[in-house]
Amino acid sequence: MRFLHNLTRKAIILVLLISVALPAEAGRDDLHMRTFKKAFAAAGDKNYEEAIALYTEILEQNPQHVDALTQLGICFVHTNQELDSALALFHTALSIIPVSDKFSPFGVDLQRTIARTYHLEQRPREALSVLKTLRDSVTEANLREEIAAEMKQIRNSAILLKNPVPLKITNLGDFFNSDYDDHSPLVSLTGNRIFFTSRRPAGRGAQLPDGQFAEKVFFAERNQKGWSKPRVLDEFFSRTEHKSILSLSPDGNRLFLFKNDREGKSIYVSDYMNGEWQEPEKLPYPINSRWDETHAALSPDQSTLYFTSNRPGGFGGLDIYRSKLDAYGQWGEPVNLGPMINSELDEETPMLHPDGQTLYFASEGHTSMGRFDVFYSQIQSEETWTEPVNMGHPINTPDDDFFFVPTLDKSQAYYASYRFSENVGRSDIYKVEFDSLYSGSLAVIEGTIRNSGDVPVEQIRLLVSRDSDNKQVGDYRPNPANGRYLLFLEAGENYTIEEVTPESAEQPLNIHVSDQLSYDKTEQIVMLQDPRMAAPLKPGLVPESGNYRKLAEIPQNLEKLQARLDTTFTIQVLALRHYPEVGFWFFRGLDLESVNALEGRDGYLRYVTGRFRNREEAEQYRTRIQQNGRFSDAWIRAWEPLEELSEPDNSNKISALQTNVQ
């Protein structure tokens, strides 16, 4: 929590002047002064445990030591514990100082601290009462404006506390959270991998003065048995240094990180290539500047970077900017999102939902309850946004709430918070589940560019337009390392896709995204909508053992599939629209006798494997075929709905050619 830092340092000097004027024995006062200086130094290093012990030692000998009373209370506030004890300490200090000092600079700061502590305790009425008395008693114009701004936040808090949003907030527990700061959760689209930043001990790093360790990036993977034990990404840490994650690209292959370097606070990026995360590289100018850049996140089409900076020309503090890739893959001049998003205070942690329209961010301004609150806004056009909406309580509290990470399903999200009722002085990671479930209508289509002209991948763009209104809904950029891309498209619409480079354009392709492909929140895997759909841009033939083979060469087998009525579940491994060419290599590792091709009424040819009596058997088989790293997006499907979607008497059985698969 940062909101008391400036206040407390100012108050400490004033408190010292006052306490020296109080009667005390010289020798004992000298001893208290030495102990106080040690406690003050420990608190300055954020070693609050030692500071609390030292301040308590002073108060045991001199219960009316104003310095110790005030600073012990501030330590309790900083560590998010014993706020009621902090209030008692503050009130005791206020009762000791002379009446003439009640509205001195120190007295005012102390009373504002009391009001803020009431605010943290979610007692807005008491906080407003203290501030109202102050506002009516001081004469300095700037001070009255500051107090009025604090009162506005507390009134916002009172309204939101009385009207909580129906949702469930779950602490992720000891497996992910520790006795140290844990924050910045990033969950892959499949929901099977999580990244987060932690200051827990790892490796040989030394403990820092604040009792924590340097920030490191951890990750864990989920399998049939649950989450693996989080482990550190050693690739990022060649030496002891702070380095925390900011965001994960939609395809899961790019991590954006924050690091303090010689130029200040900067943004770095690491790419996942050949099974390893590469050494993070600093983003170039104009993203990074000689000012502070603290957060960055890609848009779903990976063509726009949203980032925060306090460079000149903003509206105050950290502002949110965006920069778009040009036709040659270079970042363009950053554009401030404007006063609708950016306030006179700090904005942080922008995250764009996969729908490409909803921006989540943290702000100290707007209708904040106090410190950072999470807001969202909808983009209306290239330059305009709707008025930000506070996400409400209990997502937001009077304390810092930030780093809200939406999932494809808008009824679920992850975020970090200082929730003093559930942790002790550290930020923890939480999962949010809204009671009013969002009915998702997005489909995720995965593919690979063809790149027949051998153009640098950074210069290839997939321009996606919605046919119903001829509006461009995406300027998608494939992954530079492997040419793969993800399209996030609204189901039930027709789209035109063009592959373009600075010098050329491929023949446009028209596709229909049916309602059946939309995300279904009842399943664990996110990309449930035929995730291995072939690229709309004709990926071409895939070589296998020196020969080119095509699924089109699979002989027709008009024999009806047997035992359909006895089958409850199957596993879908591939779906193709208009039956484009795919290499036989795709089915390597499967029993071809168990693979069936089902021709759907919606124009897709779906390949499924196995017939299982229950979901548990299907899950076991899916886990087995995924062990070699392939079929990661295999999807368990109920047989009956799939059968209804398929054309009668149009199922092909893959057999005969199994001996040709190496």
Side-chain angles (χ1 to χ4, degrees), residues 2 5-6 9 41 44-47 180-181 183-184 186 195-218 232-249 254-273 276-298 305-314 316-323 325 329-336 342 346-350 362 372 402-403 416 427 458 480:
R2 299 177 301 176
H5 287 184
N6 294 332
R9 294 201 178 276
D45 289 333
K46 298 183 180 180
N47 187 353
Y180 304 86
D181 275 339
H183 60 89
S184 307
L186 300 174
F195 298 83
F196 62 96
T197 302
S198 179
R199 296 192 62 190
R200 66 188 67 184
R204 300 179 180 179
Q207 193 171 27
L208 301 178
D210 64 355
Q212 302 200 66
F213 296 80
E215 289 181 325
K216 291 188 181 296
V217 179
F218 289 75
V232 70
L233 281 177
D234 293 321
E235 296 94 326
F236 291 169
F237 304 98
S238 56
R239 58 188 181 277
T240 300
E241 59 183 357
H242 284 289
K243 196 179 294 179
S244 59
I245 52 175
L246 302 177
S247 63
L248 184 68
S249 65
R254 305 194 83 189
L255 268 176
F256 290 87
L257 303 103
F258 166 83
K259 177 182 173 184
N260 276 304
D261 56 26
R262 286 178 293 182
E263 285 74 34
K265 298 177 179 179
S266 303
I267 300 167
Y268 286 69
V269 65
S270 172
D271 291 304
Y272 189 71
M273 299 174 60
E276 294 182 349
W277 290 100
Q278 306 303 301
E279 179 69 20
E281 295 184 0
K282 186 175 180 177
L283 288 179
Y285 179 85
I287 304 300
N288 283 310
S289 68
R290 64 189 182 93
W291 304 90
D292 292 337
E293 283 72 42
T294 60
H295 187 83
L298 276 174
L305 188 74
Y306 291 84
F307 68 97
T308 51
S309 175
N310 63 355
R311 62 189 62 190
L318 290 167
D319 277 8
I320 301 176
Y321 292 77
R322 63 169 176 81
S323 177
L325 288 172
Q330 302 298 313
W331 291 113
E333 190 66 27
V335 176
N336 190 295
N342 294 310
D346 283 342
E347 274 68 45
E348 262 287 12
T349 60
F372 280 113
F402 52 93
F403 212 93
S427 63
E458 293 83 355

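Residue His295 is tested with Leu318, Thr308, Ile320 for a side chain to side chain contact (heavy atoms under 4.5 Å, CB included); the sole match is Thr308. For the side chain to side chain contact (heavy atoms under 4.5 Å, CB included) test with Ile267, the passing option among Leu283, Thr294, Leu257, Leu305 is Leu283; the others fail.
With rounding to the nearest 0.5 Å, the separation of OH in Tyr306 from OG in Ser323 is 11.0 Å. Put simply, CG on Leu233 and CD1 on Ile245 are 8.0 Å apart, with the number rounded to the nearest 0.5 Å. Here CG of Asn336 is found 10.0 Å from CZ of Arg311. Values are rounded to the nearest 0.5 Å. In this structure, the separation between CZ on Phe256 and CG on Leu246 is 9.0 Å, given to the nearest 0.5 Å. Taking CG of Asn310 as the start and CD of Glu347 as the end, the distance is 12.0 Å to the nearest 0.5 Å.
By the salt bridge (charged side-chain N to carboxylate O under 4.0 Å, His left out) test, Arg254 pairs with Asp271, sequence neighbours left out.
For Ser184 against Thr197, the heavy-atom pair with the smallest separation is CB-OG1, 3.8 Å. Closest approach of Leu208 to Ala214, counting heavy atoms only: CD1-N, 3.9 Å. Among all heavy-atom pairs drawn from Tyr321 and Pro312, the shortest one is OH-O, 4.2 Å. Between His183 and Glu215, the shortest heavy-atom contact is NE2-OE2, 2.9 Å. Scanning both residues, Ser247 and Ala296, for their nearest heavy atoms gives OG-O, 2.6 Å.
Under the 3.5 Å distance criterion, the side-chain polar atoms of Ser270 are matched with a main-chain donor or acceptor of Gln278.
In this structure the side chain of Glu293 reaches within 4.5 angstrom of the side chain of Ser309, judged on heavy atoms. Using a 4.5 Å heavy-atom threshold, the side chains of Pro334 and Phe307 count as touching.
By the 30° and 60° cut-offs, the orientation of the rings of Tyr180 relative to Phe213 is perpendicular. Using cut-offs of 30° and 60° for the angle between ring planes, the Phe196 and Phe218 rings count as parallel.
Judged as a salt bridge (Lys or Arg N to Asp or Glu O under 4.0 Å), the pairs with a partner in residues 260-270 (not counting sequence neighbours) are, in order, Asp261-Lys282, Glu263-Lys282.
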